[in-house]
Amino acid sequence: MAFVSPYQTYIPLPSDSGGKDEEHEALLSLVPIYIVTHASQLPNEFLYPSPEKQLVVGFDCEGVDLCRYGTLCIMQGGEKLMQACRRALESNFITKVIHDCKRDSEALYSQYGIKLHNVVDTQIAYYLIEEQQGRTRAPDDYISFVSLLADPSYCGISYLEKKEVRVLLKQDPKFWTRRPLSDLMVRAAADDVRFLPYIFHKMMERLNERSLWQLAVRGALYCRCFCITDNEYADWPSIPTIPDYLTVEENALEQEILSVLNIPPGKMGRVIGRKGASILSIKNSCNADIVIGGEKGPPDKVFIIGPVKQVRKAEAILRGRM
């Protein structure tokens, strides 16, 4: 059955320079935008992942206060369609390229039981490349998707429509629930993903073997962040272990983990401190990422991601603050 789309957009494709010329311009390809409401509209390679036909897809979710309870509005189609997408979203044969996967993963897991897997998080990849180039990241420095697109090393474009949507979201928090989808909503949803495969290829050209392993591990750990389980993620895919060829380096890698620290009722204020001073000082003293859910939750929990020794150090400091 053929589906005709009234919407089209351009996607940037890597040139055939083989990565030798970092300044080469992207090739633009005009493609249709489909609003999928039934699994039959999706390609078989996506519905039935296989090692013979592996895919790289740009991925993003939109919703009202996107989290475990917030309504998932884009990447939504009822239980049947969402479950049809489960294989792809959990598959090792389909690479999901996403910018900041935490809330998307939380919404998919909490609302549909889907364990997002094999993610390349461009926010994580960006800072790994920065570290390779000798630049250090401030503890609370998280590059936005708009800023990543504006970076000439990747796309060098201004995402004005995203700013327009942000203004509309402030005026109408239920913006993404409106149906039928407006032209602006369709364009904005497409713009959030159409650049991601291109950015993925640009980043893969730059990441060394050490950073590629860290990217895989941190992508898996950040997908678990905010996803509360009773079995310590026993039914999730295993975290990649350090490959043998990286254990012989002079500056050997350490396995990275996620720790979920429960904060006693009424003690979160002590952990955060006045204007965030306490939590910032802990972040500055540990080589680990410390994440708090804030207003969206989960409440009374702190998530710590990083090398084992640094995570244990952060745990000890946090317990001392409580």
Side-chain angles (χ1 to χ4, degrees), residues 1-9 11 31-122 176-182 185-197 200 219-220 222-229 231 233-238:
M1 181 178 179
F3 296 92
V4 179
S5 173
Y7 303 103
Q8 290 182 313
T9 190
I11 60 169
V31 297
I33 302 172
Y34 293 105
I35 299 174
V36 176
T37 57
H38 192 275
S40 62
Q41 295 170 264
L42 294 167
N44 284 335
E45 292 85 355
F46 183 83
L47 291 172
Y48 305 102
S50 72
E52 292 78 25
K53 294 184 178 180
Q54 300 190 34
L55 300 176
V56 175
V57 299
F59 181 76
D60 186 42
C61 298
E62 299 290 356
V64 180
D65 287 331
L66 191 65
C67 60
R68 62 191 296 117
Y69 301 116
T71 306
L72 185 61
C73 303
I74 301 295
M75 183 61 204
Q76 175 201 43
E79 187 69 23
K80 285 187 177 180
L81 179 57
M82 293 304 298
Q83 294 307 326
C85 294
R86 175 189 289 272
R87 290 191 191 94
L89 298 178
E90 295 185 345
S91 174
N92 199 44
F93 305 129
I94 296 183
T95 300
K96 280 70 66 174
V97 187
I98 186 170
H99 190 82
D100 191 3
C101 64
K102 297 188 292 295
R103 291 299 183 187
D104 302 71
S105 181
E106 179 192 17
L108 289 169
Y109 180 68
S110 301
Q111 298 179 37
Y112 296 100
I114 293 171
K115 307 175 189 73
L116 191 60
H117 177 59
N118 192 23
V119 159
V120 168
D121 191 319
T122 53
W176 286 111
T177 68
R178 306 306 177 197
R179 295 297 184 272
L181 296 172
S182 67
M185 294 168 79
V186 173
R187 291 197 310 271
D191 282 348
D192 278 350
V193 295
R194 70 186 177 105
F195 300 103
L196 286 170
F200 165 81
Y222 278 87
C223 278
R224 287 161 170 74
C225 191
F226 299 150
C227 296
I228 305 302
T229 71
N231 60 5
Y233 309 99
D235 55 346
W236 284 62
S238 58

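Side-chain atoms are counted along with the backbone in the values below, which use heavy atoms only and exclude waters and symmetry mates. Heads up: numbering here begins at 1 and tracks the sequence.
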May I have the step-by-step check of side chain to side chain contact (heavy atoms under 4.5 Å, CB included) for Tyr109 and Thr229, ending in yes or no?
CA-CA 10 Å; Tyr109 180 68; Thr229 71; 3.3 Å; yes
Look at the side chain of Asp60 and the backbone N and O of Val193, then say whether any donor-acceptor pair between them is shorter than 3.5 Å.
no
So how far is it from Glu45 CD to Ile94 CD1, rounded to the nearest 0.5 Å?
9.0 Å
Evaluation steps, side chain to side chain contact (heavy atoms under 4.5 Å, CB included), between Asp235 and Lys115:
CA-CA 9 Å; Asp235 55 346; Lys115 307 175 189 73; 3.5 Å; yes
Test item: Val97 and Thr122 side chains (from C-beta on) under 4.5 Å apart, heavy atoms
yes
Do Tyr233 side-chain atoms and Arg224 backbone N/O form a donor-acceptor pair below 3.5 Å?
yes
Could you please spell out the steps behind the side chain to side chain contact (heavy atoms under 4.5 Å, CB included) verdict for Asp192 and His99?
CA-CA 9 Å; Asp192 278 350; His99 190 82; over 6 Å; no
Between Met82 and Leu108, which heavy-atom pair has the shortest distance, and what is it?
CE-CD2, 3.7 Å
Considering non-hydrogen atoms only, spot the tightest contact between Asp121 and Cys101 and give its length.
OD2-N, 2.9 Å
Strictly by salt bridge (Lys or Arg N to Asp or Glu O under 4.0 Å), give each pair with a member in residues 83-97 just once, sequence neighbours left out.
Arg86-Glu90
Shortest non-hydrogen pair, Ile33 vs Ala190, comes out as CD1-CB, 3.7 Å
For the residue pair Gly58 and Pro197, what are the closest heavy atoms and their distance?
N-CG, 3.9 Å
Atom OG1 of Thr177 and atom CE of Met185: how far apart are they, to the nearest 0.5 Å?
7.0 Å
Heavy atoms of Asn92 and Asn118 approach each other most closely as O-ND2, 2.9 Å
Does Tyr222 reach the main-chain N or O of Ser105 with its side chain, forming a donor-acceptor pair under 3.5 Å?
no
CG-OG1 distance between Leu196 and Thr95, expressed to the nearest 0.5 angstrom
12.5 Å
Give, for atom CG of Asp104 and atom CD1 of Ile98, the distance between the pair rounded to the nearest 0.5 Å.
3.5 Å
Atom pair CH2/SG of Trp236 and Cys223 - distance to nearest 0.5 Å:
6.5 Å
At what distance, to the nearest 0.5 angstrom, does CD1 of Ile35 lie from CG of Leu181?
5.0 Å
